[in-house]
Amino acid sequence: MFHSAHFYLGVPDQISEEDAKSAIRKIFNSKVVGHNIKFDLHFVTRFLEDDSLEVYADSMILAWLINSNSSLALDKLSDALLGHKMLSFKDTVKKGETFAGVELVDACKYAAEDAYITAKLYNLFLEKLELQSATHLIDEAKEVEFPFIKTLLTMEKEGIEIDGSFLEKFLVEVKETLAGLTTSIYELAGSEFNINSTKQLGLILFETLELPVGKKTKTGYSTDEKVLSGLLDAHEIIPKLLEYREVYKLYSTYIEPLLKLSKESKRSRIHTSFVQTGTATGRLSSKNPNLQNIPTRTPIGAKIRQAFVAGEGKKLIGIDYSQIELRLLAHYSQDDVLVNAFKNDKDIHLQTAVVLFGEEEAAQKRSIAKTVNFGLLYGMGPKKLSDTLGITTKEAKEIIEKYFESFPTVKSYFRSIVDSSKEKGYVETLLKRRRYFDYENATPMFRAAYERESVNSVFQGSAADLIKLSMNKIHEVIEKENLNAKMLLQIHDELIFEVNAEEAEVLGNRFRDIMDTIMELNVPLKASLNIGDNWSELK
DNA sequence: TGTGATAGCTCG
DNA sequence: GTACGAGCTATCACAC
């Protein structure tokens, strides 16, 4: 018996599982609109043991395309746009019960309302887009976003294999390290306290030990990594605390939860949920667990990636877009220096350093130029740049001025984004997705933030468009040619696949070519291929 | 016992 | 006040 069939004292006869299956098949043979239909498809495809169901449309995605800032929950949209308060899940399902325990008549009302409101909203959104003469967004939905639902569904269902015994060993090591650090910290502090409590830690550091107070938070002393690093030489306890923080983070956020999930899973594979409407810019987000923020920047952190492995006889493939946002900056601004640097496959940060500081100093100042390049895309100001580089605000200001003098086309292009954003109230990506900003009702501080967000959204959002197109194309190729390859993860500018070891090279190059040629811009796109037995080897 | 705010950390 | 976009864990205060 399928576990969601209703079961309670005096439950009426229900249709057979076979009848339920054929009814669902019939429904999916016509045009099905869902609200977050990927969620439902997980259950339905498992129940039917059939992944070939067709997705027609999703009202949640339309709501997000219309305004990526708005609330997307069905009940909220119903209330706001249709003036109809929906039956709440909480009221329908009594405390401690499941949906299977809900009386059929109530369950039917709840489910029917869900379907009815979804259809209402779908039609409303189509009208809305017509009225706003934004029918191109309907096309974008049909051609890109709706097909993308199944691309993501396939990835989520596959999951990625975890090496449980590796994580077990790592867990033991980390627990021992934490125990040792805890003892040292108590000794150096002169008392026992909760190291994870910023409140208690603040008292120890700044009152008991009388260390110099650097920064305050809303509620007390700041003890973040920057503050602690500034106190490195002030007391022996500081390096211990920094190490404790790093290791405890790995333990509590990664090792323990991932191990638990892998143990719960039959094939030792863990499955994230990608949220297609998860950001205002068009990027994905990933949750339960988030597999887009697995550590990589420190050696001990990067060890976590060793736990993500290819199955027996298989390899993992990683393909990442190189400098995709800066390439988009070159594409949009058409700045000669940037365009030529990318056309000739030059080191973009070094080229920037040459322009800013001259040939002689370029090599040693490359990393400054790199910070400037990234900062640009974020709408950086002199304050933050000086903080990041450890220079004075004045020097930072000069570097920024020098940049805009040297790249006047970039300056005027940024200006045009901001002007148009203020005039129209939104900015657009490559695929014409919009992000709205309410300048009218904003304080000067918010307006400045909107200007930065406008600039950033064009690049971040367009990069998201490109990789989305690539993912759909690769998914299509894998299906059509019945390739023995699984797309597993997307980490914003990077895709991870699992394939048969002997095919890794060929398939990797095939996918990389698709990514390189997914769209013709004013500069070439470039993706890099890596092959390995675990995720830590893909760099 | 549950919830929301805060601080802090991870990633691109 | 001052760099963009996310999600997770732990603590703490407060309500039930």
Side-chain angles (χ1 to χ4, degrees), chain A residues 68-69 90 95-96 193-202 215-228 241-242 244-258 272-275 277-298 300-302 304-305 320-326 371-389 393 396-397 400 427 435 443-464 467 489-495 535:
Chain A
S68 58
N69 300 312
K90 258 178 112 179
K95 232 185 179 168
F193 65 102
N194 185 345
I195 307 170
N196 295 325
S197 163
T198 49
K199 200 178 166 196
Q200 292 179 42
L201 179 62
K215 199 169 59 173
K216 302 276 264 178
T217 65
K218 227 178 265 188
T219 54
Y221 305 110
S222 170
T223 68
D224 69 14
E225 203 251 322
K226 259 179 97 179
V227 169
L228 295 186
L241 286 170
L242 285 167
Y244 177 92
R245 282 258 176 91
E246 183 185 4
V247 177
Y248 189 82
K249 177 75 179 177
L250 294 183
Y251 160 77
S252 69
T253 306
Y254 301 103
I255 303 177
E256 184 114 295
L258 291 175
T272 187
S273 302
F274 288 110
V275 186
T277 54
T279 68
T281 58
R283 273 189 177 181
L284 293 176
S285 72
S286 157
K287 65 177 186 185
N288 305 327
N290 181 356
L291 296 184
Q292 289 182 320
N293 71 346
I294 302 302
T296 186
R297 288 173 191 167
T298 67
I300 170 155
I304 303 277
R305 294 193 173 207
D320 67 288
Y321 273 117
S322 154
Q323 312 290 6
I324 188 161
E325 292 186 13
L326 286 172
T371 304
V372 173
N373 276 335
F374 278 112
L376 267 183
L377 301 169
Y378 299 154
M380 153 196 71
K383 180 79 172 69
K384 185 65 189 178
L385 183 64
S386 63
D387 271 7
T388 310
L389 292 176
T393 316
K397 208 175 160 201
I400 294 171
V427 294
R435 180 177 180 187
T443 60
M445 196 175 88
F446 271 96
R447 271 187 218 138
Y450 291 165
E451 292 183 17
R452 294 194 297 273
E453 289 164 13
S454 294
V455 171
N456 179 256
S457 293
V458 173
F459 304 113
Q460 193 183 110
S462 297
I467 197 163
L489 298 176
Q490 185 248 50
I491 309 102
H492 309 305
D493 61 358
E494 175 185 16
L495 297 176
W535 193 353

Go through the structure and list residues passing ring pair (Phe, Tyr, Trp, His ring centres under 6.0 Å) with Y221(A), not counting sequence neighbours. F206(A)

Which nucleotide wins on minimum distance to the side chain of T217(A), given the candidates dA7(B), dG12(B), dC4(C)? dA7(B)

With K199(A), which residues qualify under salt bridge (Lys or Arg N to Asp or Glu O under 4.0 Å), at least two apart? none

Under 4.0 Å, counting only non-hydrogen atoms across every strand here, what does E225(A) touch: a base, just sugar-phosphate, or nothing? sugar-phosphate

Against the side chain of E453(A), the closest entry in dG5(C), dG8(B), dT11(C) is dG5(C)

Given dG12(B), dA10(C), dG7(C), the nucleotide with the shortest approach to the side chain of K287(A): dG7(C)

Starting at atom CG of L250(A), determine the distance to atom C1' of dT9(C), rounded to an integer number of angstrom. 13 Å

Rounded off to whole Å, could you give me the CG-to-P distance for the D224(A) and dA10(C) pair? 19 Å

For dG8(B) and S222(A) - does any side-chain N or O of the residue sit under 4.0 Å from the phosphate oxygens OP1/OP2? yes

Partner of T281(A) under side chain to side chain donor-acceptor pair (under 3.5 Å), chosen from R435(A), Q460(A), E453(A): Q460(A)

Taking only nitrogen or oxygen atoms into account, show me every contact under 3.5 Å that the protein makes with nucleotides 13-16 of chain C, one pair per line with its distance.
unit_1	atom_1	unit_2	atom_2	d
dA13(C)	OP1	K199(A)	NZ	2.8

Residue S197(A), side-chain heavy atoms: nucleotide from dC12(C), dG12(B), dT9(C) that is nearest: dC12(C)

Students often get this wrong, so: under 4.0 angstrom with heavy atoms, is D387(A) touching a base, only sugar-phosphate, or nothing? nothing

From NZ of K384(A) over to P of dA3(C), roughly how many Å is that when rounded to an integer? 6 Å

Testing dC8(C), dC4(C), dG5(C) for proximity to the side chain of R452(A), the answer is dC4(C)

Determine the interplanar angle of the Y248(A) and Y244(A) rings, folded into 0 to 90°, and report it as parallel if under 30°, tilted if 30 to 60°, perpendicular if over 60°. parallel

Taking only the side-chain nitrogens and oxygens of R297(A), find out if one of them lies under 4.0 Å from OP1 or OP2 of dC11(B). yes

Side chain of Y378(A) (C-beta onward), nearest among dA6(C), dA3(C), dT10(B): dA3(C)

With respect to the side chain of T388(A), which nucleotide from dG1(C), dA3(C), dC8(C) is positioned closest? dA3(C)

Is the shortest side-chain N/O distance from T279(A) to OP1 or OP2 of dA6(C) below 4.0 Å? no

Counting only side-chain heavy atoms from C-beta out, which of dG5(C), dT10(B), dT11(C) sits nearest to Q460(A)? dG5(C)

Nearest to the side chain of R305(A) - dG8(B), dC11(B), dC8(C)? dC11(B)

If only side-chain N and O atoms of Y248(A) are considered, is one of them under 4.0 Å from the OP1 or OP2 phosphate oxygen of dT9(C)? no

Could you tell me how far apart I195(A) (CD1) and dT9(C) (C1') are, to the nearest whole angstrom? 16 Å

Report the residues that fulfil ring pair (Phe, Tyr, Trp, His ring centres under 6.0 Å) with F446(A), sequence neighbours left out, ordered by chain and then residue number. none

Could you tell me whether P257(A) contacts a base, only the sugar-phosphate backbone, or nothing, with contacts defined as non-hydrogen atoms closer than 4.0 Å? sugar-phosphate

Between dC11(B) (P) and L489(A) (CG): distance, integer Å: 16 Å

Please determine whether a side-chain nitrogen or oxygen atom of R245(A) lies at a distance below 4.0 Å from atom OP1 or OP2 of dT10(B). no

Say you pick atom P in dC9(B) and the same atom in dG1(C); how far apart are they, in whole Å? 22 Å

Do T272(A) and S286(A) meet the criterion of a side-chain donor-acceptor pair at a distance under 3.5 Å? yes

Has N288(A) got a side-chain N or O lying under 4.0 Å from the OP1 or OP2 atom of dG7(C)? no

Separation of atom CD1 in I324(A) from atom C1' in dG5(C), rounded to whole Å: 15 Å

Which part of the nucleic acid, if any, lies within reach of Q200(A) when heavy atoms closer than 4.0 Å are counted: base, sugar-phosphate only, or nothing? sugar-phosphate

What residues, two or more places apart in sequence or in another chain, satisfy ring pair (Phe, Tyr, Trp, His ring centres under 6.0 Å) together with Y378(A)? none

Specify the separation, in whole Å, of atom CG of L291(A) and atom C1' of dC8(C). 12 Å

If I take atom CZ in residue F274(A) and atom C1' in nucleotide dC11(B), what distance separates them, rounded to the nearest angstrom? 13 Å

Does A280(A) offer a backbone N or O that forms a donor-acceptor pair with the side chain of S68(A) under 3.5 Å? yes

In whole angstrom, give me the gap between the C1' atoms of dA5(B) and dA3(C). 24 Å

Is any side-chain N or O of S252(A) closer than 4.0 Å to OP1 or OP2 of dC8(C)? no

Using a heavy-atom cut-off of 4.0 Å across all strands, would you classify A280(A) as base, sugar-phosphate, or nothing? sugar-phosphate

Which part of the nucleic acid does N293(A) contact within heavy-atom distance under 4.0 Å: base, sugar-phosphate only, or nothing? base

Out of dG1(C), dG7(C), dG12(B), minimum distance to the side chain of I491(A) belongs to dG12(B)

Hits for ring pair (Phe, Tyr, Trp, His ring centres under 6.0 Å) against Y450(A), two or more places apart or cross-chain, chain-then-number order -> F437(A), Y439(A)

Rounded to the nearest 0.5 Å, what's the gap from CG on L284(A) to CG on L489(A)? Could you check? 11.0 Å

